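Please read all numbers here as calculations on a predicted model, not as lab measurements. Residue numbers start from 1 in every chain, and the chains themselves are labelled A, B, ... in the order their sequence lines are given, proteins ahead of strands.
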Amino acid sequence: AQSVTQLDSQVPVFEEAPVELRCNYSSSVSVYLFWYVQYPNQGLQLLLKYLSGSTLVKGINGFEAEFNKSQTSFHLRKPSVHISDTAEYFCAVSEGQAGTALIFGKGTTLSVSS
Amino acid sequence: DAMVIQNPRYQVTQFGKPVTLSCSQTLNHNVMYWYQQKSSQAPKLLFHYYDKDFNNEADTPDNFQSRRPNTSFCFLDIRSPGLGDAAMYLCATSRGLLGTGSYEQYFGPGTRLTVT
């Protein structure tokens with residue numbers, strides 16, 4: 001069975017500092033990996049995805065993630081955060097077949113302060 | 001812009017009083033999902049429609065039902081809401097192609113359900 005572990009439940013950082021949100025997954029089959037962001041009382045917005053190809057994936061809002069198959073990780077990074085990046089971030093995995101659930105991690109709260 | 005729309009954004013219902021949440025999409029995706037997200041938790045899939053075929057997750061309570069009258073609309077019916085059903089309900093869509101994966105899911109803004 002698939003599972004996703006987000007290693008940090010909360011990450012406080014100062015504005016313009018770099019940040020890394022960690023995600024590890026387990027699966028016995030090939031997977032597709034996603035990072036979603038959720039602002040308060042809103043739905044989930046796709047930040048970036050890894051389906052195949054280059055292991056370094058660039059997304060919206062200056063975020064990027066690196067797929068590491070040997071370490072079964074998909075960590076999210078941003079070199080310089082803004083106050084507006086304060087939100088909940090979810091890592092998710094899917095086997096990719098239509099209709100299968102996205103399996104989400106428990107989320108990481110990123111809090112950016114000035 | 002193509003999108004997933006959920007109405008209402010906030011819904012208050014009484015304990016035991018049936019309630020229906022709605023979702024519509026202009027993406028023309030053939031797969032639609034309903035997730036339940038309780039406070040400070042990850043979203044959890046309740047069920048999905050692949051075209052007209054309904055697929056229930058094994059641990060979804062019978063209290064939750066769904067209807068999909070056409071490609072664009074999908075409804076979540078809670079027959080007798082309990083206090084434990086208070087949550088954010090997220091609708092999502094994806095494009096499922098026969099023999100291939102559906103990859104990313106597109107989410108609506110959610111409906112926050114309060115049960116009094």
Side-chain angles (χ1 to χ4, degrees), chain A residues 1-10 21 23 25 27 29-53 57 59-60 65 67 74 87-111, chain B residues 3-6 8-10 23 25 29-60 68 87-114:
Chain A
Q2 299 170 335
S3 67
V4 177
T5 302
Q6 291 184 241
L7 297 157
D8 306 294
S9 60
Q10 297 191 22
L21 307 184
C23 172
Y25 69 94
S27 176
V29 299
S30 296
V31 295
Y32 304 96
L33 295 156
F34 308 87
W35 275 99
Y36 283 86
V37 60
Q38 186 177 35
Y39 299 100
N41 290 314
Q42 294 189 27
L44 281 73
Q45 180 182 7
L46 181 67
L47 273 179
L48 47 79
K49 62 190 177 189
Y50 173 79
L51 304 181
S52 64
V57 179
I60 63 172
F67 170 61
F74 191 55
E88 189 81 10
Y89 291 80
F90 290 97
C91 180
V93 64
S94 168
E95 291 181 0
Q97 294 304 311
T100 56
L102 283 173
I103 305 299
F104 289 91
K106 292 186 176 181
T108 297
T109 301
L110 175 63
S111 299
Chain B
M3 57 177 61
V4 182
I5 302 161
Q6 290 188 245
R9 293 291 311 278
Y10 300 89
C23 176
Q25 53 122 343
H29 285 169
N30 58 328
V31 190
M32 294 187 76
Y33 311 77
W34 280 104
Y35 286 83
Q36 180 192 61
Q37 185 182 23
K38 294 189 176 181
S39 182
S40 300
Q41 295 185 23
K44 180 178 176 300
L45 184 66
L46 294 173
F47 28 59
H48 76 273
Y49 273 95
Y50 191 122
D51 294 323
K52 295 182 180 180
D53 294 331
F54 177 72
N55 298 272
N56 203 26
E57 294 298 299
D59 55 355
T60 298
R68 189 179 186 186
M88 173 80 90
Y89 290 88
L90 297 165
C91 175
T93 72
S94 68
R95 183 167 55 91
L97 302 175
L98 188 63
T100 70
S102 64
Y103 309 134
E104 66 262 38
Q105 296 179 14
Y106 296 82
F107 285 81
T111 294
R112 182 166 296 282
L113 178 69
T114 300

Chain A contact via B:Y10 - side chain, backbone, both or neither, heavy atoms under 4.5 Å:
side chain

Assert top hit (heavy-atom pairs under 4.5 Å, partner chain A, pool B:G108, B:S40, B:P43) equals B:P43

Least distance between heavy atoms, A:F90 atom then B:Q37 atom
CZ-NE2, 3.4 Å

So, using ring pair (Phe, Tyr, Trp, His ring centres under 6.0 Å) as the criterion, who are the partners of A:Y89 when residues are at least two apart?
A:F63

Quick one: what part of A:Q38 sits under 4.5 Å from any heavy atom of chain B, side chain, backbone, both or neither?
side chain

With sequence neighbours excluded, residues passing ring pair (Phe, Tyr, Trp, His ring centres under 6.0 Å) with A:Y25:
none

Which heavy-atom pair separates B:R9 from A:Q42 by the least distance, and what is that distance?
NH2-CA, 4.3 Å

Side chains of B:Q105 and A:Y36: closer than 4.5 Å at any heavy-atom pair?
yes

For A:L102, does its backbone N or O pair with a side-chain atom of B:Y33 as donor and acceptor, under 3.5 Å?
no

So, the part of A:L44 with a heavy atom under 4.5 Å from chain B: the answer is both

Heavy-atom closest pair (A:F104 atom, B:A42 atom, distance to 0.1 Å) is CB-CB, 3.7 Å

